[in-house]
Amino acid sequence: MNNRWERVSLSQEESERIFRKARSFAGDVWFRFRRKPTALLGLILALLMVLFGLIGPFMTPYNYSQQETKLANIPPLMTVYPGPDDSYFFVTEALKVIEVDPEGHLVRQLRKKEDDAKHKQTSFKYDDDTSVVLDYSIKPYVMLDEYGQRIEQGVRKWNASHLLGTDHLGRDILTRLMYGARISLMVAFIAATVNMLIGILYGGVSGYLGGRTDAIMMRVVDIIATIPLTLYVILIKVCLDDGLISIIVALSSVYWVDMARVVRGQVLSLKNQEFVLAARTIGSSTKNILLRHLIPNAMGPILVTVTMLIPSAIFMEAFMSFIGIGIAPPMASLGTMCNDATEALRTNPYQLFLPAIAICIIMFAFNFIGDGLRDALDPKLKK
Amino acid sequence: MNKDVPVLRVQDLTKHFPAGRGKVVHAVDNVSFQIPRGKTFGLVGESGCGKSTCARTIIRIYEPTGGKVYLGHDDISILSQKELLPHRQRMQMIFQDPYASLNARMTVHDIIAEPLRAHGVFASRQEESERVNDMLAQVGLNREHASRYAHEFSGGQRQRVGIARALIIHPELVICDEPISALDVSIQAQIVNMLRKFQQEQALTYLFIAHDLSMVRYVSDEVGVMYLGQLVETCAADEIYATPLHPYTQGLLAAIPIPDPKVAREKRAAGLEGDLPSPIDPPSGCRFHTRCPHATERCKAEVPSLKDVGAGHCVACHLIND
C-alpha cells in the first residue's frame with residue numbers, strides 16, 4: 001500500500017468551491033414552509049377559497065341578487081314525497097308543492113287546483129288526470145294522493161338545482177357564498193396591502209431616523225392604538241357611505257399601527273448592524289439603505305404580520321356587515337348572509353352555518369399560513 | 001496631490017456620547033495622529049478603549065464632538081453628510097464581523113457592486129459586471145461566486161467579499177476595524193497578506209485596528225496605543241516592542257502569550273491588573289493612574305500630554321516626559 005497519509009494537494013479553485021446547493025432566500029423559506037403539514041393545508045385551503053371566490057361566480061347560473069320567492073328556504077337536503085312517474089314532491093315552508101325529478105332538480109311548482117278551507121285540504125294539479133292533496137287539518141300536515149291515501153314521506157334527495165339550498169328570498173346560497181368569499185378576500189388583500197405599505201413606510205422612517213422623530217411618531221401610534229380599533233372602524237364607517245370602498249378605507253386607515261410597530265422594531269435592531277453601517281460608509285442613499293438593506297431583512301416579521309392581519313380584516317368586514325354597517329344589500333357578504341340567516345335560525349340553521357363555516361375556513365387557512373411562515377422565516381429553526 | 005500631505009490627519013478628535021441624566025461617555029478624547037500615503041497606522045488597545053469609535057468617527061458614522069479630520073487637504077469633519085458624499089469614495093471601511101457586515105438578502109455581486117452604484121461609477125451593467133468579476137478574482141474568488149448569497153460562504157471568504165467591496169472604488173484610505181479578529185488563525189494570515197498585497201499594488205493607506213499586538217507589528221509602519229479614549233503612546237512599529245515607554249504599553253506587551261514556558265514564567269509578574277475604569281467618569285489626571293504600578297500624586301492631578309521623546313516616539317506619561 002502507498003502511504004495513506006500522503007498530502008493531497010488542493011488547487012485554489014477547489015478550495016474555494018461551495019458544495020452547498022445555491023438557494024435563494026425565498027427558496028429556503030419555501031423549503032421549510034412545505035414541510036409543515038398545517039401550513040401546507042392552510043395554503044391549499046386559501047388557494048381553494050381564492051379560486052372559489054374568483055372563478056366560482058362564472059360557473060353558476062345564478063346571480064347573487066336573483067330572487068325566486070316561491071323557491072325560498074329550500075334546504076340542500078330535501079325530504080320528498082314519491083309521486084307518479086318517478087317524480088317526487090317537495091313541500092315548501094309556505095306550503096307550495098314543488099315537483100322534483102329523480103336527480104333532485106326542482107322542475108316546477110304545481111298549480112293549485114282546489115282549496116277546500118272547510119276540510120283544510122288543498123289539492124294540486126300534477127297533470128290533467130292526476131293530482132295530489134295537502135291535508136293540513138292535522139299537524140304536521142300530510143300528503144294524500146287523489147284517492148285520499150296517505151303518501152309516506154321518507155326519501156331524502158340532494159337539491160341538485162341549489163346545491164347548498166336557498167335563502168329566505170329564494171337566492172342561491174352557493175352563489176352568494178362565492179360572492180361573499182370574493183368580497184372578504186378582496187377586502188382582506190387590499191386592506192393588508194395598504195396597511196403593509198403605510199406600516200412599512202411609517203415604521204421604517206420612524207425607526208431609521210430615531211431620536212425625537214421616532215418618539216413623536218410612535219406616540220401618535222400609541223394614541224391611535226389605545227382606543228379599540230373596532231370603535232374607530234365603526235366610527236369611520238358611520239361617517240362614510242355604505243359600500244366596499246368605505247370598508248377598505250376604514251380598515252386601512254387604522255390597522256397599520258401594528259405593522260408600523262413591527263417594522264420600527266426591526267429597523268431599530270437592524271440599523272446598527274455592520275452591514276447597514278457599511279452601506280452608510282459606502283455612501284448609499286437613505287432610500288437605498290431602507291429599501292435594499294433594512295426592509296428586505298425585516299421581511300420575515302412583516303410577512304407574518306400581514307398574514308395575521310388578513311384574518312382579522314376578514315373578520316372585521318364580516319362583523320361590520322353582520323351588524324349592518326358593512327356591504328350594502330343586495331351584494332352578498334359572509335357577514336350579511338349570517339345576519340339574514342339569524343331570523344330563520346330555528347327552521348333553517350343551514351343558512352347560518354354555511355357562511356359561518358366559510359368564514360372559519362378562510363380564517364383558519366390564513367392563520368395556518370401565518371404560523372407556517374413564522375416558523376419558516378425563523379432562521380433559528382433552520383435545519 | 002502633494003506627496004508630503006498625509007492621507008489622513010486626525011487632530012484632537014473627540015467623541016462623547018450622552019449616557020442619560022446629563023452624564024457623558026468619553027469614548028474618544030483628543031486623539032491626534034497622521035498617516036502618510038502608502039503607510040499603515042496600527043491602533044491597539046483593550047476592548048472598550050475607543051478604537052472602533054475613533055474609526056467610526058473618522059469615517060463619519062458618528063458625528064465628532066470636537067476636533068478635525070483631514071482627508072488629504074480637505075477637512076471632512078465639518079462637512080454635512082451630503083457634502084461628504086463625494087469624499088466617501090476616497091475612504092472605505094472593512095468591518096470586524098464578516099457575518100454581520102454582509103447583507104444576507106443580497107448576492108455577492110450586488111454587495112460588491114454597491115459602492116459602484118452608490119457613486120454612479122458605471123452607466124452600464126456590463127462594465128459593472130466586468131469590474132466586479134475582476135475584483136472577485138483579485139480576492140481569490142471566482143465569477144461563479146457572484147450569484148451566491150453571503151451566508152453560503154465561509155468566514156474567510158466573506159471577509160474577502162468585504163475587502164472586495166471596500167476596494168472596488170479604489171479608495172485612498174481604508175479603515176480596517178479589527179478585520180481579522182473574528183477569523184481562524186490560518187485565515188488571518190491569508191487576509192493580512194491579501195491586504196498587504198493590495199497596499200503594495202495600489203499604494204493604499206491603512207488605519208488598522210486590532211487588539212492583537214503581534215499582528216499589528218506585522219502589518220503596521222507606525223503604532224498608536226489607546227487607553228480609555230486617549231492615545232498614550234505612538235511610535236514606529238518595531239520600536240514599540242524594543243522600547244515600550246508607557247507603563248500601559250509595557251503591560252500590554254507583557255500580556256502577549258509567550259510560546260516558551262520558561263520565559264513565560266519569568267515574565268508573568270509584569271502583566272496588567274484591574275479592569276478598565278468607566279469612560280463615563282474617567283479618572284482624573286492621567287487616566288491610567290488607577291492601574292499604573294508607578295503612579296504618583298502628580299499623575300492623579302495633572303493630565304499628561306503626548307510629547308515627542310525623540311525619533312517620532314511620543315508618550316503621554318509624566319514619568320517619561322521629565
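Here is how names work: the chains are called A, B, and so on, in the same order as the sequence lines, proteins then strands, and each is numbered from 1. Just so you know, these numbers come straight off a predicted model, no measurement behind them.
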Heavy atoms of other groups near [X] [atom1], more than 12 under 6.0 Å:
X      : atom1 : result
A/L54  : CG    : yes
B/K197 : NZ    : yes
A/F364 : CZ    : no
B/R143 : CZ    : no
A/F315 : CZ    : no

Tell me the closest heavy-atom pair linking [X] and [Y], and the distance in Å.
X      : Y      : value
B/I61  : A/R280 : O-NH2, 3.0 Å
A/H293 : B/N103 : ND1-ND2, 3.0 Å
B/R105 : A/P296 : NE-O, 3.1 Å
A/A278 : B/S101 : CB-O, 4.3 Å
B/P115 : A/I282 : CA-CG2, 3.4 Å
A/G283 : B/H119 : CA-NE2, 4.5 Å

Open item on the list: So for B/Q92, is it side chain, backbone, both, or neither that comes closer than 4.5 Å to the heavy atoms of chain A?
Closed with: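 Only the side chain of B/Q92 comes within 4.5 Å of chain A.
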Task: Interatomic spacing from CD in A/E274 to CD in B/Q96 - rounded to 0.5 Å - done: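 Reported to 0.5 Å precision, the distance equals 6.0 Å.
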Open item on the list: For the OG1 atom of A/T281 and the CD1 atom of B/I94, what is their distance to the nearest 0.5 Å?
Closed with: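 Answer for the OG1-CD1 pair, A/T281 versus B/I94, is 10.5 Å.
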TODO: Please examine the side chains of A/N288 and B/R117, heavy atoms only from C-beta on, and report whether any two atoms are closer than 4.5 Å.
DONE: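 Sidechains of A/N288 and B/R117: no contact.
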Open item on the list: Among B/D177, B/I169, B/L102, B/T107, which residue has the highest count of heavy-atom pairs closer than 4.5 Å to chain A?
Closed with: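 The answer is B/L102.
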- [ ] Among the options B/M93, B/R60, B/M106, B/Q81, pick out the one with the most heavy-atom pairs lying under 4.5 Å from chain A.
- [x]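 Option with the top pair count is B/M106.
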Open item on the list: Less than 4.5 Å to any heavy atom of chain B: does that hold for the side chain of A/N297, its backbone, both, or neither?
Closed with: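 Interface part for A/N297: both.
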TODO: Below 4.5 Å from any heavy atom of chain B, which atoms of A/S285 appear? Answer side chain, backbone, both or neither.
DONE: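 Neither; nothing under 4.5 Å.
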